[in-house]
Amino acid sequence: MASSDQLKALIRSHSEGDDTRFYAVAIQVAAQAARSGHSKLAQELRQVVDEARSRVGQGLPAARLTPVPVAQPRGELAGLLTVEYPKARLTDMALDDAVRTRIERVLVEHRQQDRLRQHGFAPIRKLLFVGPPGTGKTLTAAVLAGELNLPLFTIQLHGLITKYMGETAGKLRLIFDAIQQTRAVYLFDEFDALGGQRTAGNDVGEIRRVLNSFLVFVEQDDSASLIVAATNHPGLLDRALFRRFDSVVEYGVPTACIVERVMRTRLAALDTSRLDWPVVVAAAEGFSHADIARACETAAKSSILAHSEAVETAALLEALGERRASHG
């Protein structure tokens, strides 16, 4: 029968009007019923899904359930920001307890910000995420947006940083004006490109001026938006930046427990009873969340293409080996 993760996914996708995901999970439940010997139930589930899809195709009710984006970058901001409306949830992530606790605290403070403001306090709004690539920093920004039902604006640094004196600082002011006007999660990814140390020997005057402008803007900002900066290289950041953020969250490579949780989540749609968990978890030692997820997807697709519902240990080990080799 349906696993707890599948039941939660069904309820969440239904509440969000995400028909595509709802039907995909329903088909997974049907496949699991078939594997458990409930062939009649599996057939009935598939029939119900096919009939529902047919009705949607004729009447197009799903279009009325899909949220319509109301915040889109326009004018000069169009080249500086991209926007998405994430559906990611904290339960979708496999994080160590320390990081999860920090993120849960941010969510609680924003959900109860009226109570905090009544007593003269503001919720945590300015976050700096540091850690190796692929450990979940960018995804966490999406989770914050998804959990709080806010748009996620990602700052395009290639459009922000120019060689002309004063132009970059002017663009940065536009971004902070948007932060003030439109409540959302604003992500400065690869933040070290903007927040590098002002004393670095290879620095140029324009970048120093931009960093000084950022320090002023972020300190003066009193909006309702969340500002998230993420970097793989915290050692490159100017030390003055750390004081401007309400919270610095450190991400690390996943522990064995987290590795197994990521694998089980990514392979939830398939039969994993044949996997030698201690072996595959040990083989993923030192991998990032992203590398583990990609290896699991590769192994899952190999099983599907081989007309099998079961993921084999050898297939997952091969996929993990390919990921390790790709990193040299």
Side-chain angles (χ1 to χ4, degrees), residues 73 75-77 79-83 102-103 105-106 109-110 113 116-117 120-133 137-138 140-141 144-145 150-251:
E76 292 183 81
L77 283 175
L80 299 175
L81 302 172
T82 60
V83 63
R102 302 282 293 280
I103 302 306
R105 178 57 183 262
V106 174
E109 290 197 11
H110 276 267
Q113 61 177 298
L116 292 177
R117 294 187 189 282
F121 296 99
I124 295 170
R125 292 184 39 254
K126 302 166 187 177
L127 302 164
L128 176 60
F129 296 162
V130 302
K137 301 184 296 298
T138 302
T140 303
L144 289 172
L150 295 173
L152 171 64
F153 287 98
T154 301
I155 287 77
Q156 302 298 296
L157 292 182
H158 65 271
L160 173 63
I161 300 175
T162 74
K163 63 181 178 181
Y164 299 107
M165 183 177 298
E167 185 173 320
T168 303
K171 291 182 176 181
L172 195 59
R173 178 179 292 279
L174 286 175
I175 291 172
F176 274 89
D177 286 344
I179 290 173
Q180 186 75 36
Q181 295 166 7
T182 304
R183 184 174 181 240
V185 177
Y186 290 82
L187 172 63
F188 291 81
D189 208 356
E190 299 181 357
F191 185 59
D192 44 280
L194 180 65
Q197 297 181 30
R198 288 170 289 184
T199 56
N202 60 350
D203 195 10
V204 294
E206 177 67 355
I207 293 299
R208 283 197 297 271
R209 284 188 288 272
V210 170
L211 176 55
N212 288 334
S213 296
F214 181 89
L215 291 170
V216 171
F217 289 148
V218 77
E219 188 166 20
Q220 292 178 346
D221 176 69
D222 60 354
S223 68
S225 297
L226 284 87
I227 299 173
V228 177
T231 178
N232 304 332
H233 307 288
L236 298 179
L237 296 183
D238 192 280
R239 301 310 301 175
L241 281 167
F242 289 85
R243 298 195 303 273
R244 266 60 173 199
F245 289 94
D246 301 327
S247 181
V248 179
V249 183
E250 297 185 18
Y251 291 72

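Owing to the predicted nature of the structure, the values given are computational and were not obtained by experimental measurement.
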Over all atoms of both residues, closest heavy-atom pair of [X] and [Y]:
| X | Y | answer |
| --- | --- | --- |
| P151 | A184 | O-CB, 3.3 Å |
| P132 | Y251 | CD-O, 3.3 Å |
| D246 | R125 | OD2-N, 2.9 Å |
| Q113 | P123 | CB-CG, 3.9 Å |
| D221 | K126 | O-NZ, 3.1 Å |
| Y186 | A178 | OH-O, 3.0 Å |

Can you measure from [atom1] ([X]) to [atom2] ([Y]) and round to the nearest 0.5 angstrom?
| X | Y | atom1 | atom2 | answer |
| --- | --- | --- | --- | --- |
| D177 | T182 | CG | OG1 | 10.5 Å |
| L80 | T154 | CG | OG1 | 12.5 Å |
| I179 | L226 | CD1 | CG | 10.5 Å |
| E190 | T138 | CD | OG1 | 8.0 Å |
| I103 | L127 | CD1 | CG | 6.5 Å |
| D189 | F129 | CG | CZ | 11.0 Å |

Minimum side-chain heavy-atom gap [X]-[Y] below 4.5 Å:
| X | Y | value |
| --- | --- | --- |
| T140 | V249 | no |
| F217 | I175 | no |
| Q180 | D222 | yes |
| L144 | H110 | no |
| V216 | N212 | no |
| L187 | I155 | no |
| K137 | N232 | yes |

Test side chain to side chain contact (heavy atoms under 4.5 Å, CB included) applied to T231 and L237, step by step: CA-CA 9 Å; T231 178; L237 296 183; 3.8 Å; yes

Test of ring centre spacing under 6.0 Å for F214 and F176: yes

Heavy-atom neighbours of R117 CZ exceed 12 at 6.0 Å: yes

More than 12 heavy atoms from other groups under 6.0 Å of CD on E109: yes

Donor-acceptor pair, side chain of T82 and main chain of Q156, under 3.5 angstrom: no

